[in-house]
Undergrad: 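Shown below is the structure under consideration.
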2 protein chains.
Amino acid sequence: MATRLGEKLYELRKKRVFTLDKLAELSGLSKSYIWELENKESQRPSAEKLTALADVLGVSASYFIEEDVRQPEERHLDEAFFRNYQKLEPDSKQQLRKILDTFKKKP
Amino acid sequence: MATRLGEKLYELRKKRVFTLDKLAELSGLSKSYIWELENKESQRPSAEKLTALADVLGVSASYFIEEDVRQPEERHLDEAFFRNYQKLEPDSKQQLRKILDTFKKKP
DNA sequence: ATAAAATATTCGGAATAGCGAACTTTAAGT
DNA sequence: ACTTAAAGTTCGCTATTCCGAATATTTTAT
């Protein structure tokens, strides 16, 4: 699993079988800039541009943004869990929240 | 609840009782720029800066970025829930995931 | 093997993010 | 009311984002 932005972008783009041109067209960014995001270090792209790319590539913007200390596997589980949680009825959510409280870490 | 970035920022800053100077110090941004984010339209801040602010203000970066169809209170509860969930031990997480499964699309 | 087409990379420059410092307003104390 | 300090606002400037067009490379077809 990719760790820095450029790798994540490249990986996703290849997975979707997009060319730079195609991704540029779909996201509204220029292909030259996408290329720079993939290949140059220390870019500081706007949240807006990242979100546009994330939308097209089918991930959340935070996937690009947040560097994470969790192992990819665990992170993946966590995100899937949260996606499922969000789809629940409010009642079920509340029940889960209560259950979570009882689990809270004891240091 | 605030909908655009400036409002969200201002609201959170006031809630935490931070001055511009204080928030600037804590986040590493300049206070003039934070003021512009709060007060000027059509800013395009970098994800990096937004993340710095989000960290200090105790929200997720995506709170600033993603617009959401959920009601604000529900969204807030969801996010708080996920933040808590992530801090759990892996075993606890797994238990919760199993419980979530039993809740899935139950009318 | 060569041409044509598709894809990737480089580059110059306009637009603007983001800063420091100066300035203005508000709040607090005497 | 006057002073001082704290908070907010403006402004000029530099660095960086982000683009379009040109160029280079790879792929595909003949």
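Throughout, a chain's letter reflects where its sequence line sits, starting with A, and its residues are numbered from 1.
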Undergrad: Give a yes/no answer on whether the side chain of B/Arg13 brings an N or O atom under 4.0 Å of OP1 or OP2 in D/dA7.
TA: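 Indeed not, no polar side-chain atom of B/Arg13 lies that close.
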Undergrad: Which distance, rounded to the nearest 0.5 Å, do you find between the CG of A/Leu29 and the CD1 of A/Ile34?
TA: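 Spacing of CG (A/Leu29) from CD1 (A/Ile34) equals 4.5 Å.
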Undergrad: Is a side-chain donor or acceptor of B/Lys8 paired with a backbone partner of B/Tyr63 at a separation under 3.5 angstrom?
TA: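 Yes, the answer is positive, given that a donor and an acceptor are paired below the 3.5 Å cut-off.
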Undergrad: Using OP1 and OP2 only, check whether a side-chain N or O of B/Lys49 sits under 4.0 Å from C/dT16.
TA: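 No, because none of the side-chain N or O atoms of B/Lys49 sits under 4.0 Å from OP1 or OP2 of C/dT16.
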Undergrad: Round to the nearest Å and state the distance from B/Gln43 atom CD to C/dC19 atom P.
TA: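 Checked: the CD to P distance equals 12 Å.
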Undergrad: With a 4.0 Å cut-off on heavy atoms, is A/Lys31 in touch with a base, just the backbone sugar-phosphate, or nothing at all?
TA: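 Base contact.
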Undergrad: Could you check how far CH2 of A/Trp35 sits from P of D/dT26, rounded to whole Å?
TA: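 Those two atoms, CH2 and P, are 13 Å apart.
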Undergrad: For the residue pair B/Arg97 / B/Tyr85, report whether a side-chain donor-acceptor contact shorter than 3.5 Å exists.
TA: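 On atom types as modelled, these side chains qualify, holding a pair under 3.5 Å.
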Undergrad: Over how many whole Å does the gap from A/Glu38 atom CD to C/dT10 atom C1' extend?
TA: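 It is 15 Å, rounded to the nearest whole Å.
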Undergrad: Please state how far atom CZ in B/Phe18 lies from atom C1' in D/dA6, giving the value in whole angstrom units.
TA: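 Result: 17 Å.
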Undergrad: With a 4.0 Å limit, can you tell me whether A/Lys40 has a side-chain N or O closer than that to the phosphate oxygens OP1/OP2 of D/dT17?
TA: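 Indeed not, no polar side-chain atom of A/Lys40 lies that close.
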Undergrad: Measure CG/A/Leu37 against C1'/C/dT9 and give the value in whole Å, please.
TA: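 Spelled out: CG on A/Leu37 to C1' on C/dT9 is 14 Å.
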Undergrad: To the nearest angstrom, how far is B/Glu36 atom CD from D/dG12 atom P?
TA: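 That distance rounds to 13 Å.
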Undergrad: Given the structure, check if the side chain of A/Ser32 and the base of D/dG20 hold any donor-acceptor pair shorter than 3.5 Å.
TA: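 Such a pair exists between side chain and base.
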Undergrad: Apply salt bridge (charged side-chain N to carboxylate O under 4.0 Å, His left out) to A/Arg13 and A/Glu38, showing your working.
TA: CA-CA 10 Å; A/Arg13 182 167 67 83; A/Glu38 286 183 357; 2.7 Å; yes
Undergrad: For B/Phe18, does the CZ atom have more than 12 heavy-atom neighbours from other residues, nucleotides or ligands under 6.0 Å away?
TA: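 Above 12, so yes.
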Undergrad: Does A/Leu20 or B/Tyr33 map to a spot on DNA chain C nearer the 5' end, using the closest nucleotide for each?
TA: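 The residue whose closest nucleotide sits nearer the 5' end is A/Leu20.
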Undergrad: Mind checking B/Thr19 for me? I need base, sugar-phosphate or nothing, with any heavy atom below 4.0 Å counting as a touch.
TA: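 Counting heavy atoms under 4.0 Å across all strands, the contact made by B/Thr19 is with sugar-phosphate only.
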Undergrad: Hey, is the side chain of B/Arg44 poking within less than 4.0 Å of OP1 or OP2 on D/dC18, counting only N and O atoms?
TA: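 Yes, because at least one side-chain N or O of B/Arg44 sits under 4.0 Å from OP1 or OP2 of D/dC18.
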Undergrad: Mind calculating the distance between CD1 (B/Ile34) and C1' (D/dT10) to the nearest angstrom?
TA: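 After rounding, the gap between these two atoms is 16 Å.
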Undergrad: Write down the distance between CG (B/Asp21) and C1' (D/dG8), rounded to a whole number of angstrom.
TA: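 Value for this atom pair: 9 Å.
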Undergrad: From C-beta outward on A/Ser30, which listed nucleotide comes closest to its side chain: D/dG20, C/dC19, C/dT9?
TA: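 Output: D/dG20.
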